[in-house]
Amino acid sequence: MAVAEGPAFIGQAGDADGTRVRAGRTYWQAQGIAEIASTGFALATEQGDAAAQRRAFYTLANYYGRTRRIVGTALDGGNEPLVQAALRNLVALHRPLTQMHRTAPGTVPLAVVLERAARDQLTRDLVVRVLNESPESMREATIVERVNELDVLGTVAPGTTHRHLTDLVASGHAVRSADGFARARRSYTELDVGSASLEALVGPSLYDKLANGGFRGLSDLEARQDDFRAQLMQLTPLGAGTADLMIEVAATLLDTRPPDPTGWRHADLLNSPYPRPYQYEAYAVFRGCGYQGNLVESPTGSGKTMIGMMCIQDWLRTLRSGQSILVLVPTSNYQQQWIGELCYKPVGLRLPPELVFSGSPNQLERFQRRTGSHPAVVLMTYAALAQTGSGVGKGGFDVDSIETFLQSANVQYVVLDEVHKVVEDMRSVSADVTRQLTEWLRDGSIRGLAGFSGTAEAYRPRFAELGLTLAHNIPLDTLIGYGFVAPFVEFGVPFANSARERRIRELLDSYKSQMLGYLEALGPERLRQWLAEVPMEQRVAIARNQLRMYRGRADGDEATARRLAEWEKDGALGIGEAQLVTILQIARRWPDQELARQAGLGPERFEAIRQELDQVRTELAELIYLPATITRLRLPGFTTDLDVDALLAAPTAGGSAAARATRIDDLLATTIVGLYGGLSDWYLRTGEGRVETIKALIDAERDARNVTGVIVFDTGKRIRWRSGLTAPGYDGVAGLFAQILGDARFTAFAALSSEMYLTYDERDPLPPRIATFIESEMMRGEIADAIFGLATQGFDLTPDTQETLKSTFTALVDEYVSALSSVRARRLGEFQRRVLAPFRRATRRLVPGSAGERMRARLSTRNVHLAELITTFFDYAQLAESFRRARVGEIEQVSGARQQFFVVPMPGGRRKQLMYDLTARIVDAESLPVNLVIVSTWARTGWNVIKPNVLIDATATRDVTAWQQLRGRAMRALRTWTNDCYRLLLLLRSDQPLDGAARDLAAKVLQPIGDEPSPAVELRDRLLGDGLERLTAAGRESLAVELLLARNKVTHIYELVKASGSTRQVEYDRPARAWRRRENIAQKHSYETAVDPFSGRIVRGVEHAPLLYANDPRSDLPSDLQARVSDAIRGRDPAIVAGWLTAPGP
Amino acid sequence: MTIRILAVDDEPDVLRLIEIKLRKVGFEVLTARDGEEGLERAIAERPDVVLMDVMMPKMDGFTAAGKIKEQMNPAPLVLMLTAKGQESDVVRGLSGGADDYIIKPFAPRELIARINVALIKAGKPPLVAQEV
């Protein structure tokens, strides 16, 4: 007897022909029979009587088989009352049969609803699974034995296994070898039990109709119940009652489906404590809609990937080997984030990495050709999919290539991540790809599609155009109100000049007024007269070539001539006309000294002017930090020399246009007017102000509250350390990092996409500590665990054996890692000798029989999955090595101080992705002292840091998407904010009486607050004591706030905005007597929400991020700003949290 | 007049996709899971076109195609479905009586076009697609 249900039973039942049974008659009492059989089975179990167990089981199974047949014949005959009665009985019989199998799995098989052919294929699937277990060839007897170990349906005869093996060789799925059979590389698709069961239940003709309507398997019925009722009533004369019963049967069969012996291994997220209630809710929405192109909107940082993983887990239940789930993401950073959550993160799906592929369609094809394995989850960017089949760089879109890919990857389900990016440009290739996918969804070629977006509401019509529906929205304020996203507050901080820059401006002002005085002394009339005497042609040539007047204008010469003619008119000389003097000086070859003499200015008077200007020059040279400008200020021959020949030759000299312009400015720097021209852009330089503002913010934060880490986003500028001592100035990541060096309060880590910089500390250098961290956390930790899991997963080992195996393996890896050095590449052979071989020997002792053999087969390096993990192990080894071999660079700060720092190159390829992920771990690691991380644009997405509670966006670019991405980086709730914290918060915010349950929760989550006297401790003690009932509403609220503060964090986000220069982002609002953002910048804030820290209210629009400045952002000093920020934030966190708590409940 | 296609493949997902895509444009589609069943259904249902996978359990596609051509008169058009990398087998298929071959994975539009071309070559009316 092979299985519990099927023709054999029908044969035994003999007379069971549904057509003979009339409706309305109780043709059998299924419930009663089930009870009798169950009692008999229980008795037999008690007595250890296997034969009696089987008798009881098969009595019931007999009826079960007949019932299933009756469903079919009644459906064909249109006998609805009979259909309903039989369906009810099927449910009543199925559960006790399942129960019996669970009690005695070795004695009685599992009840399934399948036709003979389907059951036969199920057996073939098992044969393939057995072949998949080992890269080596297997003897036929071993295969038979192993198939029977796996099979839950009954005994499989050797002849049946042999037949399947022969068929598998014929179909190219297996190869015959001298000593048995091995798996070939052709991918194999397993039976879809859900579809086969539905077909067996309703019969082929109704099944065809249902399948055409998109109901291909049991799970479709369960997922889209309303839709199913409607369709069934439309397709057949059957009513809603029958539809409900069919759904119930589907649910029962799904609940009791056979356990998957070696199917997709992964953590059970759906039944774990990790998903947050709102994540469950979103998942339920997707599932309820049957994944028919629905979207969920959820803010950055709220854990959309977790919802996606729950969907993937649900899909994996029905996904068969050979089929795949496609996850489309906007950029490769997102790919990395998904891989982390799918495979490596402790709170994730923990899929074996070999089941997840990330790359382009072509890479996937090569991977499959090379390894013969078929990943279950394929991660790809929209662009990579869109451009498949199109020539490199052509950016085209080829429908046929995409459809070919979907077919070859056998894509069944699709996740569209950050789908709003797709609709930003409806003519983009990403939109085309999405259209294609929704087309496939509509015609049933793919079964499900779910989309996520951080911002979807605004794009609703565009989504509709692509066939996507926004089905659910998770508001940010609700998420924060329950602590699932860390509460935050946002400020705009205008940055202007530092004290030095202000002094520079004052000196420039002083220079300017003295220069104008000098021109007045020379006599404007005389100067204008002299200018008029210079032939217009010569004037224009000098204005064009040396002064670059009206550069780039087609009518430049005419415009110049008009302007120069204007200058001949009467009146005092303004700053705008000062260049007149330079033209004159070049035309007449007069340095200032000669010009003054010609103008009749007395030598003493001239000398006094010169001395005053020279004093300004000297002071400027000490303040200014740009070497080129300093050279100009210190040029000898000021007022006495003018190299006219060089000036005339300069415009036609070699080099770039910029270099020629610099050369001219340098040559003119010996004249009073010329020097001013070369200095005036110092009015606009705010590099130091920016860096000082960042430092002031950090200082203010440290002064006012406990800072757990700072992230600064800045533009990607490298330090040119390779060419020796270098002065990076203030610009971007390089400048900020350079100016922070030497400040003992910071242990900084700057990560660009090309290299990383670390604070230098000779006594306790950071790079080796990071190397050790990589070795312990990744190599000995995650990767070793994954290899161990790969080898031992699915075996029925005793806890003792498991423990001994684990400690043996850990010891081997520890020893190997300790001895590793100078790793430059993967060392498969060495790993095999030093770790795998000794471990295999240990398994020989500890795990006898076929289980041991299979375990050892998995530990072969020919196992591609193991090989992948070992590659990752050595990738980490190389990363650790690169930290151990960190170079030391040296920079000169603006102050002139020299500082050393460590440089580690950012690796390329797949190690780069690992390194990106690692940077977040380094920032979050308690064992490492990094307290300031400076990152460039690569970290905007897929970079999940938890610890830092201060985020500064120093890029001053108000790109909305970029900003949301950045903001999301520092809003992850702390891990200490558990679902228990949420439950307690829910109780505190409700009006339910606080009782024992609240006390238990409080004890669980509030103990870690400590015992230092504080309002929180006082409240906790009241909560844990007897004062629960007496707690007032205000007391509850206060405890809720304290709970969030104690177990979560409040992130302060600062957005730097420019207060000066041509691209300034703030302006003075005279009537309001306050500074505000300019219109275009304010516009971008219009949809954002946050708690205003001053009013404590949730506000939307530009007010959500108030501007912080002392008096006038253009002239505020960083020290003024620091005091202002410190005052503004001190003690405000409780009010901020209280503000978020006013958000509407979930 | 509807054009009847019999698709024979042991991979259910390929069959399902062929079924969906061909039905959508107006073909009538029958399916079989191996060569043996394909031969039986071809004889019983007399389709206009048979799409025949090569490597299948019980009876391979070449054998089944050969038998269809041998046993049926008039014989349906037979298009072999060949996995990428097995193109060399194509010669064998064509010499065995198959009318054309299509390399898997294929784009649905190409499959429809190839069926139509085969129909035209055989002097039969092609499908006027409802929606491609």
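Per chain, numbering begins at 1; letters A, B, ... match sequence-line order.
- How far CD of Glu110(B) is from CG of Asp400(A): 7.0 Å, rounded to the nearest 0.5 Å.
- The shortest distance between side-chain heavy atoms of Asp167(A) and Met56(B) does not fall below 4.5 Å.
- Of the two parts of His164(A), neither the backbone nor the side chain holds a non-hydrogen atom closer than 4.5 Å to a non-hydrogen atom of chain B.
- When every heavy atom of Pro57(B) is checked against every heavy atom of Ala170(A), the shortest pair comes out as CA-CB, 4.3 Å.
- In terms of heavy-atom pairs under 4.5 angstrom with chain B, the leader among Asn410(A), Asp443(A), Val169(A), Leu406(A) is Asp443(A).
- Proximity to chain A is limited to the side chain of Asp53(B), based on heavy atoms less than 4.5 angstrom apart.
- Neither the backbone nor the side chain of Arg163(A) comes within less than 4.5 Å of any heavy atom of chain B.
- Between Arg33(B) and Gln121(A), the closest side-chain pair of non-hydrogen atoms falls below 4.5 Å.
- Contact check for Ser171(A) versus Glu11(B): no side-chain heavy atoms found under the 4.5 Å cut-off.
- At a 4.5 Å heavy-atom cutoff, the contact between Asp10(B) and chain A is made by side-chain atoms alone.
- Looking at heavy atoms from C-beta onward, Pro105(B) lies out of side-chain contact with Glu365(A) at the 4.5 angstrom threshold.
- For the pair Gln407(A) (side chain) and Phe106(B) (backbone), a donor-acceptor distance under 3.5 Å is present.
- By the 6.0 Å contact criterion, NZ on Lys124(B) is enclosed, its count of non-hydrogen atoms from other residues, nucleotides or ligands being greater than 12.
- Heavy-atom distances place the side chain of Pro12(B), and not its backbone, under 4.5 Å from chain A.
- Only the side chain of Arg447(A) comes within less than 4.5 Å of a heavy atom of chain B; its backbone N, CA, C and O stay farther away.
- Note that CG of Asp208(A) is 7.0 Å distant from CD of Glu19(B), once rounded to the nearest 0.5 Å.
- Residues Leu17(B) and Trp440(A) meet the side-chain proximity criterion, which asks for heavy atoms closer than 4.5 Å.
- Test Arg16(B), Lys21(B), Lys24(B) against Ser445(A) for side-chain contact (heavy atoms from CB on, under 4.5 Å) and you get one pass: Lys21(B).
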